[in-house]
Amino acid sequence: MPMEKNFDAKTAEARISAMWQDRKVGAAGANARAGANGEKPETFSVMIPPPNVNGSLHVGHAFNNTMQDILVRWHRMLGHDTLWQIGTDHAGIALQLAVEKELAATGSTSRRDMGREAFLGYAWGYKERTSDHILSQLKRLGITADWDRVAFTMAGAPGDTRKGHENSPNFHDAVIKVFVDMYNKGLIYRGKRLVNWDPHFETAISDLEVENIEVAGHMWHFKYRLAGGETYEYVEKDEDGAVILRETRDYISIATTRPETMLGDGAVAVNPSDARYGAIVGKMVHLPLCDRLIPIIADEYPDPTFGSGAVKITGAHDFNDYQVAKRADLPMYRLMDTRGAMRADGAPYEVCVARAREIAAGSPTTIEEVDSLNLVPEKYRGMDRFAARLAVIEDINAIGLCVSTLMTEIDPETGSEHLTREPLVEAKKIMQPFGDRSKVVIEPMLTDQWFVDTAKIVEPALEAVRSGATKIMPESGEKTYFHWLENIEPWCISRQLWWGHQIPVWYDDAGKIYCAATKAEAQAQAGGRSLTRDPDVLDTWFSSGLWPIGTLGWPDQTDELAKYFPTSTLITGADIIFFWVARMMMMQLAVVDQVPFRTVYLHGLVRDAKGKKMSKSLGNVIDPLDIIDEFGADALRFANAAMASLGGTLKLDTARIAGYRNFGTKLWNACRFAEMNGVWEGHTTRATPPDATATANIWILGETAKTLAEVNAALDAYRFDNAADALYKFVWGKVCDWYVEFAKPLFDGPDADETRKVMAWVLDQSMILLHPIMPFITEELWATTGQRAKLLVHTDWPEFNLDLVNPAADHEMNWATGLIEEIRSARTQMHVPVGLKLDMIAVSMTQTAREAWARNEVLIKRLARIDTLRDGAAPKGAISLAVEGASFAIPLEGVIDIAEEKVRLSKSMDKLTKEIGGLKGRLNNPNFATSAPEEVVEEVRVNLIAREEEAAKLRTALARLSEME
RNA sequence: GGGCGGUUAGCUCAGCGGUAGAGCACUACGUUGACAUCGUAGUGGCCACUGGUUCGAUCCCAGUACCGCCCACCA
């Protein structure tokens with residue numbers, strides 16, 4: 001049965017993928033070979049960055065998983081006991097968003113109407129669907145993870161259907177155990193803190209989930225009048241100390257980009273060094289629109305050179321103000337509800353403000369009481385924060401408390417100045433925080449949350465990278481890692497969501513905390529008191545932070561944990577170094593006191609061909625399945641490998657993928673040619689190369705050895721691009737372009753048998769070496785050619801070495817191919833018809849050249865389309881060729897254009913002259929000879945001699961041409 | 001504001017002390033015993049700019065410009 005011209009990726013991939021799964025290729029230790037003395041096989045383990053179950057995989061996942069699969073296949077073929085742990089992440093907030101969108105799109109009842117339990121049931125169903133799809137996408141990519149070990153970060157949580165992750169360890173129990181242990185060790189605490197609040201999801205989020213985006217905003221200036229009608233002398237000076245403004249004021253001017261928060265101000269702060277306000281520090285000002293007074297306090301925070309130098313302090317709604325308020329022990333009045341609207345709860349304003357006045361006057365209070373006071377005047381209650389902003393501005397302006405300022409205008413024609421008074425509203429670019437998922441403006445909000453006291457667990461994570469116990473690649477990643485961890489903030493881990501691990505904490509009526517793995521245990525602690533469970537769930541990253549040990553069955557001391565942990569390599573996007581990598585480091589070290597991985601490889605973001613971020617709104621999202629449908633998985637994988645240089649962004653260009661699809665076809669057809677010539681007949685797959693006597697055969701064996709060495713070195717250094725490049729150049733540039741062509745005449749000669757053996761071996765090695773990158777086509781070729789004892793995926797990685805390289809054969813092949821290229825080039829430029837066979841005259845030839853010619857005559861003649869070679873002088877009307885040790889002439893009287901030949905030779909001559917000039921220049925520089933290393937000087941000398949020899953031959957040829965004119 | 005990275009052929013990128021490489025694109029030719037998803041031969045580059053170190057710099061150092069990315073509390 002003859003081979004088809006092309007590899008049929010569509011049908012073959014599905015068949016091969018199914019076969020790999022049937023034979024449990026990915027199962028831990030599938031190829032594990034013990035060493036010579038029966039010792040334990042070396043292990044190699046990687047953890048997939050678990051894809052979020054909120055959607056489908058994009059090209060970034062394909063890229064990431066290709067690299068993992070290349071490493072895993074490589075190590076498996078090396079005989080290492082290999083584990084690729086696969087699974088998915090429940091993706092807390094992201095999944096909740098996806099489910100809400102689906103509910104909205106299908107017109108179902110909303111989350112709130114459904115209630116927590118029904119919503120969770122729906123979410124589990126959603127997860128089953130997306131998880132199935134994601135895993136099937138990964139299978140189509142050809143990855144050989146251990147499919148019996150699909151883990152899930154919420155496995156074992158209440159409501160778990162177990163569908164899609166039947167064998168996952170109970171991740172929920174592990175997460176809960178870690179929480180309880182950390183709580184008991186004082187590493188997790190609860191507190192009322194200012195956190196980033198997402199008004200859409202109505203939950204706290206961590207700092208990392210906030211994106212600061214520059215938007216066009218405004219800054220308003222308001223007057224806060226001094227209490228009791230007091231006044232003071234306001235003096236403003238310029239940089240040189242000259243007075244530029246002096247006036248009596250009864251107010252202090254404050255600036256704000258968020259006017260609505262003034263309703264919750266606790267003070268106005270000025271810098272203690274600010275001479276303008278020294279006289280009024282400690283005095284009270286009247287808060288506009290509100291029926292209360294607040295003090296002017298001194299604090300280092302305000303910058304006297306910015307704005308008016310006075311800052312309103314709203315402790316409950318601004319991170320800076322929060323710090324000031326804490327320092328000054330100011331009450332922090334929360335103004336908004338969970339949806340970001342001005343509070344409508346609590347007692348009437350009159351009642352609240354009366355109590356606030358008492359508190360300000362020193363009446364004892366509690367955080368809870370302050371939080372219960374609603375200091376939003378009735379007029380604004382229930383208004384959205386943005387509507388309230390406009391209302392506040394309008395109302396302050398109406399009572400004349402918007403600052404007007406002196407503005408200078410210069411008449412461009414007369415040059416005269418005149419003063420105007422304008423209400424001051426500055427247009428100002430402001431950095432506004434947005435939720436990375438919800439895309440709504442984040443509100444700093446004073447709420448009760450759970451925190452990991454990261455400062456207490458950060459040090460081992462820093463030390464592990466400092467000491468090299470874990471290596472981060474590229475190295476710049478380590479700097480990023482250090483910078484973040486050295487400035488780490490407490491990690492807010494509680495989320496007011498439904499989808500996630502519910503926090504294992506119960507409260508009694510007095511609010512006392514009982515943290516325990518189960519309610520029964522909590523109840524045991526609480527005695528007869530009735531308990532209520534904390535409704536919050538954990539940040540999704542808290543559980544994915546435990547991915548390495550959780551997937552291996554911790555806290556049980558499983559065999560896998562003993563064998564595969566710490567894992568070998570983590571391959572993940574540089575964008576989640578803080579979210580995930582740093583937290584895994586901290587968590588694993590805190591829980592099991594070991595680093596989670598030896599090496600971290602960080603890669604960039606995959607973008608489209610133009611370098612644009614792929615996004616749904618731009619419509620430039622590429623679905624990896626579409627690419628696989630069009631070009632095959634191997635082409636996508638090869639493109640991924642070839643793009644994977646360390647660092648930077650990666651642009652995915654379909655033209656490039658098409659090129660690698662073509663590469664697969666090229667390999668396929670080379671094998672087809674070999675098959676047609678029966679090279680695999682009676683062939684047994686062999687580890688050692690066959691003996692070779694023909695130069696071309698000796699040469700290609702050496703090239704194969706070089707390629708193996710390059711691929712090994714590249715993969716060892718995580719240079720997937722170099723590995724792909726070496727293989728591409730070898731298979732296309734060496735095997736197909738030259739060796740297959742050489743083999744054609746060799747098959748007709750005395751070396752036919754040897755050539756068949758060599759070709760079979762070389763192509764076998766090509767399949768093996770390419771297999772980690774292009775597994776499908778190579779597996780198919782492996783099955784199509786020869787008798788194979790094992791699947792290619794189970795075949796041993798070769799061990800032959802560079803002894804196979806024969807420098808003499810290399811040199812001779814380079815000479816022969818160089819000569820062929822010279823002849824072909826001359827023929828083309830002289831417009832010699834392709835089909836015309838030519839005779840060639842050896843004008844001069846050294847003994848070495850004669851021997852080289854003799855050994856490769858049949859190859860050269862065929863590839864250069866030369867009929868005969870004889871000795872003699874160059875006749876009139878011939879093309880001249882000069883190569884090492886020989887000069888040739890090809891008589892073409894009547895065929896060639898003398899002028900054109902002259903141009904051709906002159907062009908070569910120019911190039912040579914320039915080169916010789918450079919070489920001579922260097923040699924003639926006395927400093928070069930004395931300072932440069934000897935071998936460099938020698939190289940230049942040898943080079944110069946060779947070039948001058950060539951030049952001499954060319955000169956002769958040119959002179960002859962001139963005679964003919 | 002701080003940090004990190006980039007600037008090499010028309011495009012996408014390698015190279016990183018010895019006078020430049022690949023793929024794609026482009027041009028010409030081509031049904032040569034596998035391959036037109038191909039072959040052969042070509043075209044195309046003051047390696048961003050300015051200094052410095054060196055016998056020698058695309059490569060090392062300093063500065064400039066432009067472009068990215070990350071982090072950050074200027075009200």
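From a predicted model like this one, the values you see are computed outputs, not experimental measurements. Below, chain A is the first sequence line, B the second, and so on; all start at residue 1.
For B:rG42, neither phosphate oxygen OP1 nor OP2 lies less than 4.0 angstrom from any side-chain nitrogen or oxygen of A:Arg827. OP1 and OP2 of B:rC38 both lie 4.0 Å or more from every side-chain N or O belonging to A:Asn669. Dashed line: the shortest gap from a side-chain N or O of A:Trp732 to OP1 or OP2 of B:rU37 is not under 4.0 Å. Here A:Lys5 does not reach the OP1 or OP2 of B:rC38: none of its side-chain N or O atoms lies under 4.0 Å away. In this structure, A:Arg922 reaches the B:rU19 phosphate: one of its side-chain N or O atoms is under 4.0 Å from OP1 or OP2.
A:Gly632 comes within 4.0 angstrom of no nucleic acid atom, judged by non-hydrogen atoms across all strands. Nucleic acid contact for A:Asp318: none, since no nucleic acid atom lies under 4.0 Å from a heavy atom of the residue. Looking at heavy-atom distances under 4.0 Å, A:Ile313 makes no contact with the nucleic acid at all.
Judged by atom type and distance alone, A:Glu741 reaches the base of B:rA34 through a side-chain donor-acceptor pair under 3.5 Å. Counting distance only, with no hydrogens placed and no angle test, the side-chain atoms of A:Arg824 and the base atoms of B:rG39 include no donor-acceptor pair under 3.5 Å. Donor-acceptor pairing under 3.5 Å, judged by distance alone, is absent between the side chain of A:Asp653 and the base of B:rU12. Within 3.5 Å, a donor on the side chain of A:Asp748 pairs with an acceptor on the base of B:rG33, or the reverse.
A:Tyr728 does not carry A:Lys666 over the face of its six-membered ring by the limits of under 6.0 Å from the centre and within 45° of the normal.
Distances from the side chain of A:Thr665 to the nucleotides B:rC74, B:rG30, B:rU37 place B:rU37 closest. Minimum atom distance to the side chain of A:Asn662 is reached by B:rU37, of the listed B:rC74, B:rA34, B:rU37. Of the candidate nucleotides B:rC4, B:rG39, B:rA14, B:rG39 has the atom lying nearest to any side-chain atom of A:Lys666.
In summary, A:Asp721 and A:Arg719 engage in a salt bridge, as defined by a charged side-chain N under 4.0 Å from a carboxylate O.
Judged by distance alone, with hydrogens and angles left aside, the side-chain atoms of A:Asp634 form no donor-acceptor pair with the main-chain N or O of A:Ile773 at under 3.5 Å.
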